2 protein chains.
Amino acid sequence: MENIEYMRKIPGLFISIVITLNCFGQREDSILLRKIYTEALTHGQCYANLDYLSNKIGGRPSGSLQAQKAVEWTYLAMKMAGSDSVFEQECMVPHWVRGNKEKGQIRTSSRQEDTEDVNICALGGSIGTPAEGILASVIEVKSVEELYLLGTKKIKGKIVFFNRPFDISEIDPFKAYGKAVDQRWKGPSVAAKFGAVATICRSMTTDINDFPHTGSMTYSDSIPEKVPACAISTVSAERLSELLKRSTSGVQFYLKMDCKTLPDEKSYNVIAEIKGSEFPEKIIVVGGHLDSWDTGDGAQDDGAGVVQAMEVIRIFKTLGIKPKRTIRAVAFMNEENGARGGSKYAEIAKKNNEQHALAIETDRGGFSPRGFSLTGSSEKRELLMKWKPLFEPYGIYDFSRQGGGTDIEPLGKMGVPMMELFPDPQRYFDHHHCPNDTFKYVSKRELEMGAASLAALIYLASEHNF
Amino acid sequence: MENIEYMRKIPGLFISIVITLNCFGQREDSILLRKIYTEALTHGQCYANLDYLSNKIGGRPSGSLQAQKAVEWTYLAMKMAGSDSVFEQECMVPHWVRGNKEKGQIRTSSRQEDTEDVNICALGGSIGTPAEGILASVIEVKSVEELYLLGTKKIKGKIVFFNRPFDISEIDPFKAYGKAVDQRWKGPSVAAKFGAVATICRSMTTDINDFPHTGSMTYSDSIPEKVPACAISTVSAERLSELLKRSTSGVQFYLKMDCKTLPDEKSYNVIAEIKGSEFPEKIIVVGGHLDSWDTGDGAQDDGAGVVQAMEVIRIFKTLGIKPKRTIRAVAFMNEENGARGGSKYAEIAKKNNEQHALAIETDRGGFSPRGFSLTGSSEKRELLMKWKPLFEPYGIYDFSRQGGGTDIEPLGKMGVPMMELFPDPQRYFDHHHCPNDTFKYVSKRELEMGAASLAALIYLASEHNF
């Protein structure tokens with residue numbers, strides 16, 4: 001586009017906003033919000049922080065050396081942000097390691113020329129294969145339930161291939177994820193129950209590409225034996241399915257995985273605090289998770305959330321905002337495969353009789369913000385809706401969703417109202433849990449707009465007794 | 001994020017939408033819109049088309065061989081989309097060529113070690129330098145107006161460096177662009193008036209990086225002599241400014257540019273049409289521009305708009321929608337440096353006494369759609385607002401802006417209501433007019449959501465006498 005005279009196109013929007021705001025007597029709030037957004041966009045630190053976390057530390061699964069480095073760096077970065085205090089909460093976390101890169105092959109006959117290498121990765125929590133790998137016939141299913149129809153006779157000794165794609169007609173890709181992810185999470189256990197020797201899961205993504213997407217799975221206590229579980233890229237999933245359709249004599253799959261679970265490791269939540277000026281005992285929490293998967297650098301999931309939470313502290317301190325309530329930015333540990341950090345936070349809060357007024361999660365990537373979801377009483381929803389006009393100048397309009405987040409769910413169960421930043425969801429699963437989750441796909445402006453929106457919300461919640 | 005139980009978070013939003021829709025009696029429309037979005041997301045062709053246009057044809061400035069290839073390909077692609085008819089409109093377009101890659105150097109002394117290469121590119125329409133280049137002292141200004149204060153005495157013989165950055169506190173980067181672009185557009189002419197020998201313009205972007213951003217400029221008729229005009233990357237602009245501050249003896253700049261303007265070339269708008277079933281004489285136009293700058297592949301500016309407009313035709317035909325009014329998808333030629341295609345379209349419309357009910361432009365990149373702007377009567381705005389609930393399930397909520405677009409402006413001047421797709425604006429100027437405008441930065445889902453939104457709007461406008 002090439003429009004020289006853009007300026008004259010700016011509408012009478014401003015006037016209507018001012019009128020609306022006056023109706024609610026929110027003029028001072030609107031001025032403060034404008035300061036928050038300006039600070040985030042003109043002197044933002046979150047993008048530089050994310051650069052460090054993604055490129056200098058990188059992928060940081062729970063229990064890894066990188067996760068420990070991330071804890072140490074976050075502690076210092078929170079100090080630098082100007083927090084009144086920074087502290088850690090110790091927690092024991094699972095320590096699963098991938099080991100050597102996985103090997104996957106489709107074999108349509110025993111001849112070398114009928115062998116195709118394909119891109120797989122172990123699912124988090126999976127056991128490895130024997131050193132020589134596993135070779136077995138493949139049976140494709142479109143759902144976990146299908147296994148019950150097939151029964152042991154058809155499954156025993158085979159590799160089960162879960163291949164139900166995302167429903168890409170869903171406008172919100174998170175909903176498509178919710179409809180497909182049982183294949184990854186509980187598929188391996190159900191397959192094991194019927195005697196499968198391994199499982200392959202189609203990657204959880206809207207896209208057709210060659211990145212395998214990892215993610216956590218669980219072994220049910222009732223299964224006879226654990227089986228190795230891997231994800232296959234969507235390109236390779238389509239290929240495998242096609243070959244199965246074509247073949248009259250069946251298709252074999254070979255996989256070799258080196259992954260294993262080591263004893264639990266000591267790790268930490270890292271917490272930055274600004275003490276409340278009037279009601280220090282009332283706490284508002286905002287947080288993302290510091291751990292990530294290992295195949296990318298964890299920039300979107302959830303480096304973005306961690307640096308945004310820290311940025312809230314920096315913005316408050318830089319602008320000299322003295323919140324009435326206590327603000328905490330939390331870098332939760334171990335969201336991806338155990339959520340031990342979130343549990344530990346709630347456990348300590350309970351033990352210490354802390355009063356949490358509100359818990360906010362940011363764990364949907366650093367994309368352009370569109371709104372906030374809420375799980376709370378109708379009074380809370382009403383209050384939130386009153387703030388809607390204040391957010392309109394910033395393109396934040398969606399306040400009708402319910403939501404929360406894995407890290408704050410234990411607080412939610414204790415009755416604390418939960419919210420979550422809702423960024424534009426369309427690109428999230430292009431990056432989620434795969435080698436494509438890297439810093440270069442994060443937009444500085446989008447990340448900053450999200451941080452500013454969180455700071456604005458927390459300011460309002462702190463001032464107006466949310 | 002790792003939320004296994006996402007599904008239970010989906011809110012009571014659906015119920016409230018259904019209630020709202022019933023109030024307006026829009027149930028049938030809402031069903032049709034759902035079909036349109038599903039078709040775009042599950043069988044969309046626009047991403048594959050954009051891949052071809054960007055990667056097989058590439059950057060396509062007016063008058064270039066690539067632009068001619070793009071015209072031929074678009075004609076075929078429009079046929080493939082199922083149009084009732086496809087036709088071309090001949091127009092003469094400017095033919096400016098960049099020639100060899102430009103060379104730019106900062107020189108803080110005559111010694112070789114005090115010479116730094118910097119990234120520049122010629123502005124579209126600029127004359128080249130003499131073969132040996134131009135070497136002169138640099139004078140930095142922050143505005144075009146500043147030149148009037150400095151006067152000929154301080155400017156004569158120098159290279160004027162326009163270095164007013166984007167106001168990144170603007171929430172809408174297009175507004176920041178509007179506030180800075182006079183430096184690029186008319187800066188060279190004003191500098192020439194005061195005897196400058198060349199101009200350098202800070203790149204038009206929100207980002208600090210090393211891509212120079214080109215774009216059009218104009219020579220006023222009243223200047224004594226044309227001067228070469230280039231853009232410098234924001235990284236190099238900061239560097240040059242810093243060196244100017246530090247230096248006591250001044251800084252010289254060397255530039256060598258090979259660009260020139262050749263005689264006008266014959267080119268074409270390409271137009272796909274579906275004849276209206278009830279009011280074929282009433283025309284609704286949707287279009288983007290087929291030409292682009294040459295340093296990237298023009299995927300966002302404006303390959304995205306062209307393939308979205310074509311996708312509207314394909315969606316209508318695939319779903320068997322017989323619009324009451326005639327729909328035209330237009331690939332306009334020469335938006336970037338002359339807008340001759342847009343003028344030609346309006347000229348022919350006038351000559352043939354065509355009745356245009358509505359003209360819609362899509363030229364703000366293939367980002368996640370957020371709304372539609374409108375320039376039209378208050379009755380039109382009211383009608384548009386009634387459709388708002390129909391768009392809510394798709395995250396399209398912003399209908400309050402005024403807007404139009406360069407290509408359809410000549411129609412607007414004839415009284416035709418104008419609209420423009422309003423996608424999320426935050427990333428646009430990371431890509432605009434620079435080598436970073438490439439296909440890999442376009443999100444398939446975001447592009448498809450935009451195409452679907454255009455098809456939905458056009459369906460409503462065609463059925464409900466917009």
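Note that the coordinates shown come from a computational prediction; the quantities given were computed from them, not determined experimentally. Just so you know, these numbers use all the heavy atoms, side chains as well, and skip hydrogens, waters and symmetry mates. First the proteins, then the strands, lettered A, B, ... as listed; each starts at 1.
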Results of salt bridge (Lys or Arg N to Asp or Glu O under 4.0 Å) for B:Asp167 - residues two or more places apart only: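 Once residues adjacent in sequence are excluded, the partners of B:Asp167 under the salt bridge (Lys or Arg N to Asp or Glu O under 4.0 Å) criterion are B:Lys179.
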
Relative to chain B, which of A:Thr38, A:Asp424, A:Ile168 shows the most heavy atom pairs under 4.5 Å?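 Maximum pair count with chain B is reached by A:Ile168.
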
Would you kindly say whether A:Ser216 and A:Asn337 are connected by a side-chain donor-acceptor distance under 3.5 Å?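 No, no side-chain donor-acceptor contact under 3.5 Å.
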
Output yes when a side-chain donor or acceptor of A:Arg364 lies under 3.5 Å from a complementary backbone atom of A:Glu420, and no otherwise.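 A pair under 3.5 Å: no.
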
A:Arg445 side chain to B:Ile171 main-chain N or O, any donor-acceptor pair under 3.5 Å?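 Such a contact is found between A:Arg445 side chain and B:Ile171 backbone.
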
Atom group of [X] that falls short of 4.5 Å from chain B, counting heavy atoms:
X        : value
A:Glu361 : neither
A:Tyr37  : side chain
A:Thr42  : both
A:Pro165 : neither

Shorter than 4.5 Å, heavy atoms on both sides: which option in B:Glu39, B:Met449, B:Gln300, B:Lys444 has the most such pairs with chain A?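 It is B:Met449.
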
Most heavy-atom pairs under 4.5 angstrom with chain A, which of B:Ser368, B:Ala452, B:Ser443?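 Looking at each option in turn, the highest pair count goes to B:Ser368.
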
Closest approach of A:His213 and A:Ala231, non-hydrogen atoms and distance?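 In this case the closest contact between A:His213 and A:Ala231 is O-CB, 3.1 Å.
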
What part of B:Met204 lies closer than 4.5 angstrom to a heavy atom of chain A: side chain, backbone, both or neither?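 For B:Met204, neither part sits under 4.5 Å from chain A.
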
Would you confirm whether the ring centroid of B:Tyr47 sits within less than 6.0 angstrom of the ring centroid of B:Phe439?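 Judged by ring-centre distance (under 6.0 Å), B:Phe439 and B:Tyr47 do meet the cut-off.
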
